[in-house]
Peer 1: 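First the structure, then my questions, so here it is.
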Amino acid sequence: MTNAALKTQSNDPSFKDLLDELQWRGLVALNTDEDALRKALNETKITYYIGFDPTAPSLHLGNLVQLLIMRRLQLAGHKPLALIGGSTGLVGDPRPTAERTLNTKETVSEWVEKLGKQASRFLSFEGDNPARLVNNLDWTAPLSAIDFLRDIGKYFRVGTMLSKDAVSARLNSEHGISYTEFSYQILQGYDYLELFRRYDCTLQMGGSDQWGNLTSGTDLIRKVEGKSVHILATPLITNSDGQKFGKSEGNAVWLDAEFTSPYAFYQFWLNVDDADVIDRLKVFTFLTKAEIEDLAKQTAEAPHLRAAQKRLALEVTTLVHSAQAAQAAIDASAALFGQGDLAALDIDTLQSALGELPNTQAAIGTPITQLLIETGLVDSISAGRRAIKEGGVYVNNEKIIDEAAVLNDLLHSKFAVLRRGKKTLAGVFAL
RNA sequence: GGCUAGUUACCCAAGUGGCCAAAGGGAACUGACUGUAAAUCAGCUGGCUCAGCCUUCGGGGGUUCGAAUCCCUCACUAGCCA
C-alpha cells in the first residue's frame with residue numbers, strides 16, 4: 001500500500017515559503033486573511049483538512065489536485081486530515097445544474113471504503129506528521145435531528161445560507177433545490193467545527209466552487225468557539241479552450257485503474273494542449289520551478305517534440321499508478337504509435353502492448369463491429385457501422401471500408417490491433 | 001391547499017394531431033491539415049436481423065385510423081395566492 005513515489009517528493013526550496021510556491025503553482029484561488037495564513041504556515045505546524053465525498057466508486061483528477069496540495073503541506077511539516085464524507089455523501093452537495101440522485105447507504109459506505117484507500121496512497125502515514133483518515137459519519141450519525149437543529153442549526157442564518165452561490169444558482173434555476181441539499185453547507189460547516197475541536201484543525205482547503213461550504217465552517221467556528229480559522233480554495237482547473245478539464249472522450253479520468261487504465265491515463269496526459277501543459281506540470285507534479293521553466297522553454301522552441309507532455313504523463317502516471325505501470329504505458333505507446341509497421345514488432349512487445357489496452361479474445365471471422373463493442377471502442381453496432389462509414393476504423397493499421405468486415409488478418413497469427421480514430425486503440429487476441 | 005406556467009435526445013432549445021427518430025445551437029466523435037497539438041473546414045451523434053423495422057419527447061392511463069402534440073391522473077419544478 002505504500003507508494004514509492006512519496007519518498008521522492010519535496011517542495012521546491014527555491015521559494016521563500018510554502019504559500020509562495022502554492023501561489024506560483026496556481027493553486028491559490030481564494031483564501032481568508034492571507035498574512036495570518038502565511039504566518040500560521042510558516043511559524044507553526046498546523047492541522048488541516050480536505051473533504052472528499054463518495055459520489056462515485058473512484059476519485060478523479062479534480063480530487064487529485066486536492067490530494068497533491070495536501071501532500072505539499074504535509075511535506076512542509078503540517079498534519080493532514082483526509083475526510084471522507086460518509087454523511088455528506090449521503091446528502092449530496094448542490095451542483096449548479098440539478099438535484100443529485102441519492103445513492104443507497106450501502107453503496108455510499110462501499111465508496112467511502114474505496115476512496116479512503118485511494119486517498120491514502122497520496123499521503124504519508126508515517127513520521128512526525130502522519131496523515132489521518134476521518135469520516136464525518138462518525139460525528140453526524142449519532143446526532144439526533146433535534147440536537148442538530150438546536151445545537152447547530154441555531155447558528156445558521158437562512159439569509160446567509162440563501163446567498164451562497166451554489167444555493168442561489170439553484171434557486172434561480174428552474175430546478176430549485178431540495179431541503180436536503182440546502183442543508184449540505186451546515187453539515188460541512190459542522191465538520192470543520194468538529195475537526196477543530198478534535199484535532200485543532202485550523203485550515204480547510206477545497207475547490208473554489210466549494211467556497212460557500214468552506215466559509216460555512218469558519219463562520220460556525222467563529223460563532224461557537226470565538227476563533228478565527230483559515231480557508232484556502234484552489235481554482236478549478238480548466239482548459240485554455242474553456243472546456244472542462246479531466247475528461248477523455250467525454251468520460252471522466254479516474255484514478256482507479258479499473259475505470260481508467262494506466263495506459264489511457266498516460267495517454268490523457270500526453271495529449272494535453274501546449275497551452276495547458278505548463279500549468280498542469282505546476283499543479284500535478286513535484287518538479288521544481290527551474291525544471292518546469294526548462295520544459296516551458298523546450299515547448300516553446302520545439303513544440304512537436306512534446307517534451308513537457310511526456311514528462312507530465314510520466315510523472316503523473318508514476319504517482320497515481322506506479323513506475324512500472326508508467327513504463328508499460330510508455331512502451332505500449334511507443335510500439336503502437338511507432339513508425340506504423342505493426343507487423344515488424346516482435347511478439348513479446350506486441351503482446352504486452354496489447355495487454356495495456358482494452359482487449360478481447362475472438363475467433364477469425366468475428367465481425368469487426370462486434371470486436372469494437374467488446375473492446376469498448378464503440379457503444380453499439382450502429383455506432384460501429386457509423387465509425388466504419390466515417391473511415392475511422394482500422395485493423396492492424398488497415399482502414400476498414402466494409403461495414404460487414406470480419407476479422408481475418410492477424411499479426412504473428414495471434415493478435416490484431418483495433419483502432420478507432422487516431423488514438424483510441426484496443427487489442428484482439430485470436431482464439 | 002388553490003391558481004398559472006413548465007418537464008423534449010449528453011446540455012441548451014424548437015416543435016402544439018400525420019411531412020417527427022424529432023429544427024437550431026453547444027459539446028462529443030470521425031475525416032482532412034498537423035506534432036497522438038491548437039485553430040480551421042467537412043461529416044456525424046437512439047437501437048436493430050439497416051433501401052426496412054423497432055423503441056423514444058417526466059411516469060401511468062385514455063381519445064384517435066394516427067399523439068411529443070388532445071384528455072385524465074401521478075410525480076417533479078417555477079411564480080403567484082392562502
Side-chain angles (χ1 to χ4, degrees), chain A residues 94-102 162 167-182 238-253 263-281 295-296 298-314 317 329-340 342 353 356-357 367-370 372-373 376-394 397 399-405 417-426:
Chain A
R95 286 180 298 187
T97 46
E99 195 80 9
R100 286 177 189 273
T101 309
L102 293 178
L162 288 173
V167 174
S168 70
R170 282 280 293 282
L171 281 176
N172 292 328
S173 80
E174 61 181 275
H175 298 287
I177 185 169
S178 67
Y179 184 73
T180 307
E181 290 193 1
F182 177 58
T238 50
N239 290 342
S240 54
D241 55 10
Q243 290 165 16
K244 268 186 205 148
F245 165 74
K247 300 271 177 164
S248 168
E249 295 195 21
N251 301 313
V253 176
Y263 172 82
F265 190 84
Y266 178 85
Q267 284 287 323
F268 169 81
W269 293 104
L270 197 63
N271 281 304
V272 167
D273 287 3
D274 291 0
D276 296 320
V277 69
I278 300 305
D279 286 349
R280 299 294 176 268
L281 282 164
L295 286 167
Q298 292 185 45
T299 298
E301 287 170 0
H304 58 281
L305 295 180
R306 290 178 302 139
Q309 279 91 340
K310 285 179 183 162
R311 186 65 188 274
L312 176 67
L314 170 66
T317 308
I330 292 171
D331 291 344
S333 300
L336 299 167
F337 283 99
Q339 310 329 315
L342 290 168
E356 295 297 316
L357 304 172
I368 300 301
T369 45
Q370 188 182 331
L372 290 170
I373 293 175
L377 254 41
V378 300
D379 292 330
S380 67
I381 294 179
S382 296
R385 288 209 179 99
R386 198 180 303 133
I388 290 173
K389 200 162 46 180
E390 290 173 333
V393 175
Y394 303 78
N397 282 350
K399 184 179 282 198
I400 301 298
I401 311 292
D402 180 5
E403 294 177 19
V417 178
L418 211 54
R419 174 154 67 90
R420 195 195 90 232
K422 277 183 194 155
K423 44 197 182 188
T424 315
L425 293 152

Peer 1: Can you tell me if the side-chain N/O atoms of A/K423 get under 4.0 Å from OP1 or OP2 in B/A37?
Peer 2: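 Looking at the OP1 and OP2 atoms of B/A37, one of them is under 4.0 Å from a side-chain N or O of A/K423.
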Peer 1: Which base sits across from B/A27 as a Watson-Crick or G-U pair, both distances under 3.5 Å?
Peer 2: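 Result: B/U45.
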Peer 1: Any idea how A/W269 and A/F265 line up, ring-wise: parallel (<30°), tilted (30 to 60°), or perpendicular (>60°)?
Peer 2: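 Perpendicular.
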Peer 1: Which side chain to side chain donor-acceptor pair (under 3.5 Å) pairs, counting each pair once, include a residue from residues 378-390 of chain A, with sequence neighbours left out?
Peer 2: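 Side chain to side chain donor-acceptor pair (under 3.5 Å) check on residues 378-390 of chain A returns no pairs.
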Peer 1: If you compare every side-chain N and O of A/Y263 against the phosphate oxygens of B/U36 (OP1, OP2), does one of them come in below 4.0 Å?
Peer 2: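 It does not, given that no N or O in the side chain of A/Y263 lies less than 4.0 Å from OP1 or OP2 of B/U36.
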Peer 1: Roughly, in whole Å, what's the span from CZ in A/R420 to C1' in B/U30?
Peer 2: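 The answer, rounded to whole Å, is 8 Å.
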Peer 1: Could you work out, with side chain to side chain donor-acceptor pair (under 3.5 Å) as the rule, every residue matching A/T180, not counting sequence neighbours?
Peer 2: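 Side chain to side chain donor-acceptor pair (under 3.5 Å) list for A/T180, sorted by chain: empty.
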Peer 1: Who is the Watson-Crick or G-U wobble partner of B/U56, with both distances under 3.5 Å?
Peer 2: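 B/U56 is paired with nothing.
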Peer 1: Just jot down the side chain to side chain donor-acceptor pair (under 3.5 Å) partners of A/E403, sequence neighbours excluded, or say none.
Peer 2: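 Once residues adjacent in sequence are excluded, A/E403 has no partner under the side chain to side chain donor-acceptor pair (under 3.5 Å) criterion.
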Peer 1: Considering every strand and a 4.0 Å limit on heavy-atom distances, what is the contact class for A/F268: base, sugar-phosphate, or nothing?
Peer 2: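 It contacts nothing in the nucleic acid.
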Peer 1: What's the OH-P distance between A/Y394 and B/C29, to the nearest Å?
Peer 2: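 For the pair A/Y394 OH and B/C29 P, the rounded distance is 16 Å.
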Peer 1: On a whole-Å scale, what distance lies between the C1' atoms belonging to B/A9 and B/G62?
Peer 2: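 My reading of the C1' atoms in B/A9 and B/G62 gives 26 Å.
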Peer 1: State which residues pass side chain to side chain donor-acceptor pair (under 3.5 Å) with A/R419; sequence neighbours excluded, sorted by chain then number.
Peer 2: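 Testing A/R419 for side chain to side chain donor-acceptor pair (under 3.5 Å), a comparison that skips the adjacent residues, returns A/N397.
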Peer 1: Find the partner of B/A78: check Watson-Crick (N1-N3 plus N6-O4 or O6-N4) and G-U wobble (N1-O2, O6-N3) distances, both under 3.5 Å, and reply none if neither fits.
Peer 2: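 For B/A78, the partner nucleotide comes out as B/U4, under the 3.5 Å rule.
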Peer 1: Side chain to side chain donor-acceptor pair (under 3.5 Å) with A/D274: which residues, sequence neighbours excluded?
Peer 2: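 Per chain and number, A/D274 pairs via side chain to side chain donor-acceptor pair (under 3.5 Å) with A/Q309.
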Peer 1: For RNA chain B, what residues of residues 298-307 of chain A have any heavy atom nearer than 4.0 Å?
Peer 2: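 RNA chain B contact set from residues 298-307 of chain A: A/P303, A/H304, A/R306.
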Peer 1: Nearest-Å distance, CG (A/L377) to P (B/U30)?
Peer 2: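 Computing the A/L377:CG to B/U30:P distance gives 9 Å.
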Peer 1: Can you tell me how far P in B/U64 sits from the matching atom in B/C10, rounded to whole Å?
Peer 2: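 One P to the other, the span is 33 Å.
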Peer 1: Expressed as a whole number of Å, how far does the C1' atom of B/C53 sit from that of B/G2?
Peer 2: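 So the two C1' atoms sit 48 Å from each other.
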Peer 1: Would the base of B/G43 count as contacting A/E390 through its side chain, where contact means a donor and an acceptor less than 3.5 Å apart?
Peer 2: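 Checked by distance alone, the answer is yes.
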Peer 1: Look at the side chain of A/K310 and the base of B/U36, then say whether one donor and one acceptor between them are separated by less than 3.5 Å.
Peer 2: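 When only heavy-atom distances are counted, A/K310 does not reach the base of B/U36 through any donor-acceptor pair under 3.5 Å.
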Peer 1: Round to the nearest Å and state the distance from A/K422 atom NZ to B/C29 atom P.
Peer 2: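 Between P of B/C29 and NZ of A/K422: 12 Å.
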Peer 1: Considering only side-chain heavy atoms of A/Q309, which listed nucleotide, B/U36, B/U30, B/G35, is closest?
Peer 2: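 Nearest to the side-chain atoms of A/Q309, counting from C-beta on, is B/G35.
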Peer 1: Quick one: which protein N/O atoms are closer than 3.5 Å to N/O atoms of nucleotides 45-50 of chain B? Pair and distance per line, please.
Peer 2:
from: B/G47; atom 1: OP1; to: A/S380; atom 2: OG; distance (Å): 2.7
from: B/G47; atom 1: OP2; to: A/R386; atom 2: NH2; distance (Å): 2.8
from: B/C48; atom 1: OP1; to: A/I381; atom 2: N; distance (Å): 3.1
from: B/C48; atom 1: OP2; to: A/I381; atom 2: N; distance (Å): 3.3
from: B/C48; atom 1: OP2; to: A/S382; atom 2: N; distance (Å): 2.6
from: B/C48; atom 1: OP2; to: A/S382; atom 2: OG; distance (Å): 2.5
from: B/C50; atom 1: N3; to: A/R385; atom 2: NH1; distance (Å): 3.2
from: B/C50; atom 1: N4; to: A/S382; atom 2: OG; distance (Å): 3.1
from: B/C50; atom 1: N4; to: A/R385; atom 2: NH1; distance (Å): 2.1

Peer 1: Using the C1' atom in both, what is the distance from B/U63 to B/C76, to the nearest Å?
Peer 2: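 It comes out at 26 Å once rounded to the nearest Å.
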Peer 1: Choosing from B/U36, B/A37, B/U30, which nucleotide comes nearest the side chain of A/T424?
Peer 2: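 The listed nucleotide nearest to A/T424's side chain is B/U30.
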Peer 1: Expressed as a whole number of Å, how far does the P atom of B/C80 sit from that of B/U69?
Peer 2: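 Straight-line distance between the two P atoms is 29 Å.
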Peer 1: Rounded to the nearest angstrom, tell me the gap between atom CD1 in A/I388 and atom P in B/G43.
Peer 2: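 It works out to 21 Å between those atoms.
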Peer 1: Going by heavy atoms in the side chains, are A/Q298 and A/L305 under 4.5 Å from each other?
Peer 2: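 They are not in contact (no side-chain heavy atoms under 4.5 Å apart), so the answer is no.
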Peer 1: In whole angstrom, give me the gap between the P atoms of B/C48 and B/U55.
Peer 2: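 So the two P atoms sit 15 Å from each other.
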Peer 1: Taking only the C1' atom of each, what is the distance from B/G60 to B/C11 in whole angstrom?
Peer 2: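 28 Å, rounded to whole Å.
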Peer 1: What does A/Q267 touch in the nucleic acid at a heavy-atom separation under 4.0 angstrom: a base, only the sugar-phosphate, or nothing?
Peer 2: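 Base, at least one base atom sits under 4.0 Å.
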Peer 1: Expressed in whole Å, how much space separates the C1' atoms belonging to B/A68 and B/A14?
Peer 2: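 Here B/A68 and B/A14 have their C1' atoms 12 Å from each other.
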Peer 1: How close or far is atom P of B/G35 from atom CZ of A/F337, stated in whole angstroms?
Peer 2: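 In whole Å, B/G35 P and A/F337 CZ are 15 Å from each other.
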Peer 1: Tell me the interatomic distance from A/I401, atom CD1, to B/U30, atom P, rounded to whole angstroms.
Peer 2: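 Rounded to the whole Å, the gap is 17 Å.
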Peer 1: For a quick test of reading the model, state the closest non-hydrogen atom pair linking A/A353 to A/A335 and the distance between them.
Peer 2: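 A/A353 and A/A335 have their closest heavy atoms at CB-CB, 4.2 Å.
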Peer 1: Name all residues meeting the ring pair (Phe, Tyr, Trp, His ring centres under 6.0 Å) criterion together with A/F268; count only those two or more places apart in sequence or in a different chain, and write none if there are none.
Peer 2: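 A/F268: ring pair (Phe, Tyr, Trp, His ring centres under 6.0 Å) contacts with A/F245.
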Peer 1: Which residues satisfy the salt bridge (charged side-chain N to carboxylate O under 4.0 Å, His left out) test with A/R420, sequence neighbours excluded?
Peer 2: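 Checked A/R420 against salt bridge (charged side-chain N to carboxylate O under 4.0 Å, His left out); matches are A/E249.
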Peer 1: Contact between A/L342 and A/L336 at the side-chain level, heavy atoms closer than 4.5 Å - yes or no?
Peer 2: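 Yes. Closest side-chain heavy atoms under 4.5 Å.
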Peer 1: Using heavy atoms to find the nearest nucleotide of RNA chain B for A/I177 and A/A387 separately, return the residue whose nucleotide is more 5′.
Peer 2: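 By nearest-heavy-atom nucleotide position, the 5'-most residue is A/A387.
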